[in-house]
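Here is the structure we will look at.
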Amino acid sequence: MDSYKPREIEQKWQRCWEEQMQFRSERDPARPKYYVLEMFPYPSGKLHMGHMRVYSIGDVLARFLRMRGYNVIHPMGWDAFGLPAENAAIENRISPAVWTEKNIAQMKEQQKQLGVSYDWEREVNTSHPDYYRWTQWLFLLMYRRGLAYKKKAPVNWCPSCQTVLANEQVEGGACWRCATPVETRELSQWFLKITDYAERLLKDLSKLTGWPERVKIMQENWIGRSEGSEIQFGIKEFPELELRTFTTRPDTLFGVTYMVLAAEHPLVRRLVAGTEREKEVLEFVERVRRENEIQRTSAETEKLGVFTGRHAINPVNGEAVPILVGNYVVMGYGTGAVMGVPAHDQRDFLFARKYGLPIRVVIQPPGENLSGDTMEEAYTGEGILVNSGSFNGLPNREAMKKITEYLREQGKGDFKVTYRLRDWLISRQRYWGAPIPIIYCDRCGTVPVPEEDLPVELPLEVELSGSRVPGLEHYPSFVETSCPSCGGPARRETDTMDTFICSSWYFLRYTSPGYTQAPFDKKEADYWMPVDQYIGGIEHAVLHLLYARFFTKVLYDAGLVQVEEPFSRLLAQGMVYKDGAKMSKSKGNVVSPDEIIERYGADTGRLFILFASPPEKDLEWSDQGVEGCHRFLRRVWRLVKEGRALADGERDAAVMGKEEKELRRIIHSGIKKVTEDIQERFNFNTAISAIMEMVNAAYNYLHEREKGGHHPAVWREALESIVLLLAPFAPHLAEELWSSLGHRESVFFQPWPEYDPQLLRREEVEIVIQINGKVRGKMTVPVDCSQEELVELARGHQRIGELLQGKEIRRAVAVPGKLVNLVIG
RNA sequence: GCCGGGGUGGCGGAAUUGGCAGACGCAAGGGACUUAAAAUCCCUCGGGCCGUGAGGCCCGUACCGGUUCGAUUCCGGUCCCCGGCACCA
């Protein structure tokens, strides 16, 4: 018999699939559609195990759903802009575009070797002008809708990447890409107004029933909604000014004994201008601003404040309290001004003790009498208002409402919802990105590039002699242009867009990748969207997944798409580990998909990666585990190749005996389990183990019937079921075995096998007999025994009878098909 | 600090509705085949105890308690690990 040669058969079937364009997808209103999508990769040039894992998961689903009769779209493309191409450009003296193209070609080849069933006609590349033209078009759409704006603001700057970063790209005060601590710089930059969508992005999370809870919670935390009140204080020394503050505890307003401003607060300079405190305060402000993000946002940093010499007027009691500037108040949240209520906020309490500020109790816990002089920590719980004028005696919950309503009547405040989410900073001071389509004219100001002039193309002749790829400001032919409005001389914006913009809409482009009239053809998008199953790493929980939701909502509002959410179901796959650590070059524990394919074939690699762990959990790589999966595939190969002759025997001569019934029972319950495990639970690991059990059962049958007498039809059903169920996991092997069973057509054109519920039934079942909950015996009984009969049979069981001698049965519980439990005294 | 997720053999993991804990695989040990090796096949495989044996008993799903005829599963509490958020007013 010919032996299993994975490389040969894999190449053979990959060629066949490609020639027949088997995975091509077209609109077909007659069939239910299904959009399977894996997060597209950055073209680094080499697939790693994480890639192999995500593509294996997606491909099982795509192939399974096709066999289930769905019209499946399964596309792939390239998130091709970004910094690594620039670094590689300098290192290898090769232009980012050429480097990227080369990598794409390599990775695409590897994906093909994995046997992933992509519709390559839908491939997209975000760095291609045909694509980024529409990224720019979408930027202009945002601009027209008032969602793109430029402002000077303190922004995160990564000194190593030499560019600004979005908040989402700063992790613990460091750059998400290179881990360098970020600095704060005051720069004029482009932002997208994602905060306008904060409420909807939060609220619609509840619609995403197919998303993992943890991802939704991460987004919820990131958006950070908090309800409170905005309150306007007066300023004693400047009656014409007011000081707005946000608080979640308006019930403590009478307990305010000071006010703290952020160093960046716009009123600070004005408050101290020309006073004796000016120097001290401005020095403090400078010192605070020089600190980096990590120092400034650490809860451990000592809280410092400096008095401005000015006083805020409390709108409810007219009291004047000192205004300080503090290092712990951030300008980006609320109003950049915090009212200090030391009696009822622990941080304020410590601050007040440190600087000798008064502590006034305004909420009394039930049955206690706190005093500001003696309390050892702030009281933050519920209670009754005291020292609060006409609000005395109110429960504090009620007072929150009453006090805010009072302020509203006085024109001094209102209810207010505040979010942690900030606007999305999208400018990048880098070459390899989609240019922001904006022109600056001395006469007309900021002018958007007219749609018909898109794309604003990147200059492709890149200067590679320096230590970094020069930014667009170094290309006079790019910068110098004429104003679309007045025709006069003008300059182009030289910043490019954050690559996360490119990836915020690519799933829409797949629906009509060649479309030239708009980013996508609405009728195609309306047919294919939403993505039914999205698969990718958890690291994008608040980056890509939030941005893509935002873009989709904007497009929905503009009437360009029918869906408000892009991804119905999300699978966040776990990471691949080896020897307890994430695979990395520095740890030397990397196993590359290439070497696995080379040695065992893609089918073995796919099978192992799916078998070793459920997809959402981290996976521990095991060379021996791979070996085991390879053994299994060889076992399947032999089973079918050796057993196929037995499947064509004389049908009528065969007897349907106990062995046949048992084999059919295992085959049909296997079909049930594999189907449900893939479809409902993504438990590919247990689906595979069910197939292994089917294979074991087939070998057992073969041994039992060694002396001839196989039932050809039953045997054929067993072999074909195994091959069909294995097809999504090990597609090449399945094709090969399917054809050797005498079929001309691809296994993927076969309908998914159905199970017969009748065949799952056993005629006899083993029943466990328990006494007081402990297993004391077993018996085999007809499957339809009633509860009463079971109890009687159990009493009659020899060993049980002995144990029951002289004991009284106080209670008997019988579960048909499972057990009998006798409770004795 | 707040919010999630988790803790099961030597290992990866299973137990889907509260019903025999450890499916399936890996590793390990023993055996068959072979001149030998590879490959393949068969057996054992949570711990302890009793028994010559067939077999039997006890313990065991992080820990303590509860509900229940019966708990890996439900409830209360504790410990530990992983992840997210965090001077957020």
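Note on naming: letters A, B, ... go to the chains in the order of the sequence lines (proteins, then strands), and numbering restarts at 1 for each one.
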Out of B:G4, B:A15, B:G84, minimum distance to the side chain of A:Asn683 belongs to B:A15

Quick note, A:Arg681 side chain, CB onward, closest among B:G13, B:U16, B:C87 is B:U16

* B:G83 phosphate, OP1 or OP2, under 4.0 Å from A:Arg214 side-chain N/O -> no

Which of B:A15, B:C88, B:C87 is nearest the side chain of A:Tyr333? It is B:C88

- Classify the nucleic acid contact of A:Asn327 as base, sugar-phosphate or nothing, counting any heavy atom under 4.0 Å across all strands shown. base

Notebook entry, point to check: Would a line drawn from the ring center of A:Phe307 to the ring center of A:Tyr355 be shorter than 6.0 Å?
Noted result: no

Checklist entry - Contact class for A:Gly628 (heavy atom, under 4.0 Å): base, sugar-phosphate, or nothing? => result sugar-phosphate

Quiz prompt | Nearest-Å distance once atom P is located in both B:A71 and B:C81 | solution = 30 Å

query: How is A:Thr418 classified with respect to the nucleic acid when contacts are heavy atoms under 4.0 Å: base, sugar-phosphate, or nothing?
result: nothing

Under 3.5 Å, sequence neighbours excluded: what are the donor-acceptor pairs made by side chains of residues 323-331 of chain A?
unit_1   : atom_1 : unit_2   : atom_2 : d
A:Asn327 : OD1    : A:Leu304 : N      : 2.8
A:Asn327 : ND2    : A:Glu302 : O      : 2.8

Output field dot_bracket for RNA chain B (Watson-Crick or G-U, both distances under 3.5 Å, | for other-strand pairs) contains (((((((..(((......[....))).(((((.......))))).(((((....)))))..(((((..]....))))))))))))....

Partner of A:Glu168 under side-chain hydrogen bond (donor to acceptor under 3.5 Å, both in side chains), picked from A:Trp222, A:Trp176, A:Trp424, is A:Trp222

side-chain N/O A:Ser613 vs B:G13 OP1/OP2, d < 4.0 Å: yes

Check every strand shown and say whether A:Glu620 touches a base, only sugar-phosphate, or nothing at a heavy-atom separation below 4.0 Å. nothing

With B for base contact, S for sugar-phosphate-only contact and - for none (protein heavy atoms under 4.0 Å), nucleotides 19-24 of chain B reads BB--BB

note: A:Asp251, atom CG; B:A89, atom C1'; distance rounded to Å ~ 13 Å

What side-chain donor-acceptor pairs closer than 3.5 Å can you find for residues 767-776 of chain A, not counting sequence neighbours?
unit_1   : atom_1 : unit_2   : atom_2 : d
A:Asn772 : OD1    : A:Ile824 : N      : 3.0

Handout entry: Euclidean distance for C1', B:G9 against B:C45 (whole angstrom)
Key = 10 Å

Quick tally for nucleotides 39-56 of chain B: nucleotides whose base has a protein heavy atom under 4.0 Å get B, sugar-phosphate-only ones S, the rest -, giving SSS--------------S

Residue pairs passing the ring pair (Phe, Tyr, Trp, His ring centres under 6.0 Å) test with at least one member in residues 665-701 of chain A, sequence neighbours excluded, are A:Tyr701-A:Trp715

Separation of B:G7 atom P from A:Asp618 atom CG, nearest Å, is 14 Å

dist A:Ile609:CD1 -> A:Asn685:CG (nearest 0.5 Å) comes out at 13.0 Å

Out of B:C85, B:G13, B:C87, minimum distance to the side chain of A:Trp222 belongs to B:C85

* salt_bridge(A:Glu808, A:Arg810) N-O dist < 4.0 Å -> no

When all nucleic acid strands are considered with a 4.0 Å heavy-atom cut-off, which category describes A:Val341: base, sugar-phosphate, or nothing?
-> nothing

By nearest-heavy-atom nucleotide on RNA chain B, the more 5' of A:Asn772 and A:Arg347 is A:Asn772

